[in-house]
Amino acid sequence: MKKNQTVNVIGAVTMVTLFAKLLGIVRESLQARSFGTLAAADLYTTANNNTIYLFTTVAYALCIAAVPILTPRLRRSRKEGCRAASNLITIMVLVSAAAAAVWIGLTFTPWVDSLWDGSPQETALLASYVRVMALTLPVIVLTYLLVALFQSLEHFVLQGSMSIPYNLALILFLALFAGRLGVGGYVAAVALAWLLQLAMTVPYALKERCPLRPVLDLRADYVRTFFKTAVVTVLTTSIFLFCYLQDSGMTAQLSDSPVSAFYYADKLFTPLTTTLIYSISTVLFPKFSEEYATAAHGEYLRYIWNVLRTTLLLILPISVVLAAFGTPIVQVLFEGGSFDAASTASTGAIFTIYALSMAGFCALDLLSKAYYTMERTLAPLLVNGGILACNWGLNRLLAPRWGGAGLAAATAVSITVGGVVLAALFLRGAGEIHVMPLIKSAAAAVLTGGALWFLTGLVLNGLESKLMLVAKCVGLGAAAVVLYALLMLLTRQEDFLALVKRCKK
C-alpha cells in the first residue's frame with residue numbers, strides 16, 4: 001500500500017470510526033439523562049464493567065493476537081489462512097462459552113457481594129444484570145475474531161463501522177422505552193444489540209467467500225503463539241480499562257465522586273482517544289509485519305518511531321483541547337434530567353485529567369503492537385504491569401487528598417510514564433533517532449494548552465446556554481488549532497511540514 005493510499009485509508013477509517021463513536025456518545029448522553037448517577041446507574045455500571053466492558057477488551061486483544069497469525073497465511077494461501085481462522089474461532093468460541101457458564105455460576109456465590117456494598121435487593125438485581133450480560137461473551141469473541149480475519153484481508157473499515165447499528169438500536173431504546181422498562185430493560189437491550197455487531201461481518205464473509213467451518217486442531221503450530229500473545233495482549237491493550245477499574249473500585253470508598261462519574265468520564269475518554277489511535281493502528285498493524293520482514297532491525301525500529309512521532313503530532317493538541325474543555329463537554333452532552341450540575345462537575349473533573357494521558361495511551365498502543373509483530377511480549381508485559389502497580393500506589397497516595405481527581409491523576413501519570421518507558425526500551429538499538437520534532441510538538445501543545453486554559457477562564461462565565469457554550473468552545477478550539485499550526489510552522493517542525501506537503505498532492 002502506497003503512502004498516499006495509506007493516508008486515504010486511515011482518513012476513511014477515522015471518519016467511519018468517528019461517526020460510530022459520536023453515536024456512542026449520543027447513546028451515553030441519553031443514558032445519563034435517563035439514569036443519572038444514582039444507585040440504579042451504579043448497578044448498571046458495575047454489571048457492565050465486570051462483563052461486557054471486560055469481555056470486549058479481552059476480545060479486542062484476541063483480535064490483535066490473531067492478525068499477525070492470519071495475515072502471512074492468507075497471503076501464502078487463502079485456504080491455509082481460512083483454516084487457521086476457523087480453528088482459532090472454534091477454539092475461542094468453545095472457551096468463551098465455558099467462561100460464560102462460569103461467570104453465570106459466580107453470580108450465585110458471594111462473589112457478587114464483593115462487587116456491591118448495598119442492600120440485598122440491590123445485590124440480587126446486580127446478579128441478574130451480570131447473568132444477562134455474561135451471555136454475550138461468545139458473541140463478542142466470535143465478532144472480534146471475524147474482524148481479525150477481515151482486517152487481515154485489508155477490510156479496515158469494519159472495525160470502526162460494526163458498532164453503528166448497535167448504537168442506533170440502543171439510542172432508539174433509550175429514546176422510546178427507557179422510562180417504561182428502566183435499567184433492567186436496557187441491560188437486555190445491550191446484550192441483544194451485540195447480535196447486530198456480529199451481523200455487520202456477514203457482508204464481508206459473503207464477499208470474500210472464505211470457507212469457515214468448525215475446525216479443532218490444538219496442535220497447530222500457531223495456537224501456542226496465539227495464546228501466548230493473547231494473554232499478554234489482554235493486559236497491554238486493556239491497561240486503561242484496568243486502571244479505570246482500579247479507580248472506580250476505590251471511588252466507592254470516597255464520598256466526593258460516584259462510581260458513575262468515572263463511568264461517564266471513561267465513556268467520553270475512550271472513544272475520543274481510540275478513534276484516531278485505533279484507526280491508524282488498524283491500517284498499519286498488518287504493515288508492521290511487512291516492514292519487519294523486509295527491513296533491517298534498526299530500520300524497523302526507526303520506522304515505528306516515525307509512525308509514533310507523526311501520530312503524536314495529532315494527538316498532543318487534541319489532548320490539551322479536550323482537557324481545557326472537559327467540563328463544558330460533559331455539560332453539553334450529559335447534563336439534563338437526572339444528570340445534574342453536581343454530576344457534571346465530578347465527571348468533568350475526571351475527564352479533564354484523563355484527557356492528559358492520551359499521548360501515553362497512544363505510545364503504549366502503537367509500541368505494544370510493534371513488539372507483537374516481532375513476537376516479543378516481555379517488555380510490554382513488564383511495563384504495563386508496572387503501570388498497574390504505579391496506579392495502585394498513587395491511588396492510595398492521592399485519593400485521600402484529592403478524592404476522585406486524585407484517582408484520575410494517578411491514572412494519567414502512570415500511563416504517561418509507562419509510554420515513555422516503553423518507548424525508551426523499544427528504541428534501544430535503533431541507532432540515531434530524531435527526537436527534536438517530538439520536543440517541538442510537545443512544546444507547542446503545552447503553549448497552546450496554556451493559552452486555551454487562560455482564554456477559557458476569560459470567555460466562559462458558567463451562565464451560558466448550551467448553544468452559546470458550544471459556539472464559544474468551537475471558536476476557542478479553532479483558535480487553538482490555528483495557534484498550534486502556527487507554532488509548528490514557526491519552529492519548522494519536520495513531521496508537520498511533511499504532512500502539509502502530502503495533503504497538497
Side-chain angles (χ1 to χ4, degrees), residues 24 27-28 31 34-35 39-63 92-118 122-145 147 162-163 166-167 169-170 173-174 178 181-198 230 233-235 237-249 251-252 258-260 262-267 270-271:
R27 168 174 57 82
E28 297 296 341
Q31 180 182 324
S34 299
F35 308 132
D42 283 351
L43 283 170
Y44 168 81
T45 300
T46 303
N48 183 79
N49 286 349
N50 290 279
T51 52
I52 291 180
Y53 196 177
L54 185 61
F55 297 162
T56 303
T57 307
V58 171
Y60 176 68
L62 296 176
C63 173
M92 292 315 304
V93 167
L94 291 174
V95 170
S96 62
V102 171
W103 223 267
I104 292 172
L106 287 174
T107 63
F108 297 97
T109 71
W111 172 72
V112 178
D113 297 327
S114 67
L115 300 178
W116 185 256
D117 183 18
E122 290 175 342
T123 303
L125 200 57
L126 173 62
S128 67
Y129 293 167
V130 171
R131 289 179 200 124
V132 172
M133 290 181 166
L135 295 173
T136 64
L137 179 54
V139 177
I140 293 172
V141 167
L142 174 59
T143 301
Y144 271 95
L145 286 177
V147 168
M162 68 180 188
S163 62
Y166 171 88
N167 284 324
L170 294 179
F173 176 92
L174 289 166
L181 300 178
V183 174
Y186 186 58
V187 167
V190 168
L192 290 172
W194 261 98
L195 295 173
L196 295 176
Q197 299 211 51
L198 177 60
T233 308
V234 166
L235 175 60
T237 60
S238 312
I239 188 60
F240 184 80
L241 167 63
F242 290 129
C243 288
Y244 156 71
L245 291 176
Q246 283 185 346
D247 296 349
S248 60
T251 197
V259 175
S260 294
F262 278 88
Y263 172 83
Y264 290 118
D266 168 68
K267 290 304 179 183
T270 300

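As the structure is a computational prediction, the values presented were derived from the model and not from experiment.
Between Ile104 and Phe108, the closest side-chain pair of non-hydrogen atoms falls below 4.5 Å. Within the 4.5 Å cutoff, the side chain of Tyr144 has heavy atoms near those of the Thr56 side chain.
Legend: residues meeting ring pair (Phe, Tyr, Trp, His ring centres under 6.0 Å) with Tyr166, ordered by chain and number and at least two apart, are Trp194.
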Next item on the list: Let me see the working for Tyr186 and Tyr129 under side-chain contact (heavy atoms from CB on, under 4.5 Å), right down to the final yes or no.
Entry: CA-CA 10 Å; Tyr186 186 58; Tyr129 293 167; over 6 Å; no
Note to self: Walk me through whether Phe262 and Asn49 qualify under side-chain contact (heavy atoms from CB on, under 4.5 Å).
What the structure shows: CA-CA 11 Å; Phe262 278 88; Asn49 286 349; over 6 Å; no
Notebook entry, point to check: Do Val190 and Phe173 pass the side-chain contact (heavy atoms from CB on, under 4.5 Å) test, and can you show the C-alpha distance, the side-chain angles, and the key distance before you say yes or no?
Noted result: CA-CA 10 Å; Val190 168; Phe173 176 92; over 6 Å; no
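Each of Tyr244, Phe242, Tyr60 was compared with Tyr53 under the ring-ring contact (aromatic ring centres under 6.0 Å, His included) criterion, and only Tyr244 meets it.
Without hydrogens or angle criteria, Ser96 side chain to Val93 main chain gives a donor-acceptor distance under 3.5 Å. The backbone N or O of Asn50 lies less than 3.5 Å from a partner atom in the side chain of Trp103, making a donor-acceptor pair.
Residues Leu126 and Leu43 come closest through the heavy atom pair CD1-O, 3.5 Å. Taking all atoms of both residues into account, the shortest heavy-atom contact from Val132 to Ala188 is CG1-CA, 4.1 Å. Across every non-hydrogen atom of Ala230 and Leu62, the tightest pair is CB-CD2, 3.6 Å. Annotation for Met133 and Phe55: closest pair O-CE1, 4.0 Å, computed over non-hydrogen atoms. For Thr143 against Gln197, the heavy-atom pair with the smallest separation is CG2-O, 4.0 Å. The two residues Ala100 and Leu137 come nearest to each other via the heavy atoms N-CD2, 3.8 Å.
Interatomic distance, OG of Ser163 versus CG of Leu170, reported as 10.5 Å (0.5 Å rounding). The line from CE of Met162 to CG of Leu198 is 10.0 Å long, rounded to the nearest 0.5 Å. Once rounded to the nearest 0.5 Å, the distance linking CD of Glu28 with CG of Asp266 reads 9.0 Å.
For residues 131-140, every residue pair satisfying the side chain to side chain donor-acceptor pair (under 3.5 Å) rule, not counting sequence neighbours, is listed here: Thr107-Arg131.
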